[in-house]
Amino acid sequence: MLEGNGGVSANSALDALCRIYGVASEYKDIWGRTQRASDKTRTAILKALGALDDAADFNAALRAHEARLWRRTL
């Protein structure tokens, strides 16, 4: 999951943000087939929730979320 530069790949980071904010990455259509929501759609939802700014830097958003959790704990 981690890349060589110490960051998380963009796709993994997007999936992680979706889990944190409760955004479904997949859903079942009316025929029972699993459909995956596009990255563009999930990014737009995360922006609407305030999880991302206009730059859509997924790794920075994950770091900011973790920092908020630490500050709240401390």
Side-chain angles (χ1 to χ4, degrees):
M1 184 169 163
L2 292 179
E3 291 182 334
N5 64 2
V8 177
S9 72
N11 210 21
S12 295
L14 176 57
D15 288 338
L17 283 170
C18 286
R19 280 191 302 278
I20 289 168
Y21 286 92
V23 175
S25 296
E26 298 178 340
Y27 61 93
K28 299 273 185 188
D29 64 16
I30 63 171
W31 297 279
R33 291 182 295 206
T34 301
Q35 301 292 329
R36 183 150 175 92
S38 71
D39 291 353
K40 183 178 178 181
T41 297
R42 294 185 300 148
T43 299
I45 292 169
L46 289 168
K47 284 182 180 181
L49 292 172
L52 292 172
D53 58 14
D54 289 333
D57 183 350
F58 304 127
N59 286 316
L62 281 173
R63 287 190 302 273
H65 176 74
E66 186 173 323
R68 280 192 302 274
L69 291 177
W70 276 105
R71 282 193 298 273
R72 183 173 60 189
T73 301
L74 293 175

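Treat the numbers as computed from the prediction; the structure is a model and nothing was measured.
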Less than 4.5 Å apart, side chain to side chain, heavy atoms only: is that true for Arg68 and Arg63? no
Run through the side-chain heavy atoms of Ile, Leu, Val, Met, Phe, Trp and Tyr, join any pair under 4.5 Å, and report what else lands in Tyr27's cluster. none
Are any of the side-chain heavy atoms of Arg19 and Asp15 separated by less than 4.5 Å? yes
To the nearest 0.5 Å, what is the distance between SG (Cys18) and CD (Glu26)? 11.0 Å
Nearest heavy-atom approach of Arg42 to Ala24 is CD-O, 4.1 Å
Considering all heavy atoms of both residues, which atom of Leu17 and which atom of Phe58 are nearest to each other, and what is their separation? CD1-O, 3.7 Å
If we ignore hydrogens and angles and just use 3.5 Å, is the side chain of Thr41 paired with the main-chain N or O of Ala37 as donor and acceptor? no
Side chain proximity check, Asp29 to Thr34, heavy atoms < 4.5 angstrom: no
Ile45 versus Tyr21: any side-chain heavy-atom pair under 4.5 Å? no
Do the side chains of Leu14 and Leu46 get nearer than 4.5 Å, heavy atoms only? yes
In Å, rounded to the nearest 0.5 Å, how long is the span from OG1 of Thr43 to NZ of Lys47? 7.0 Å
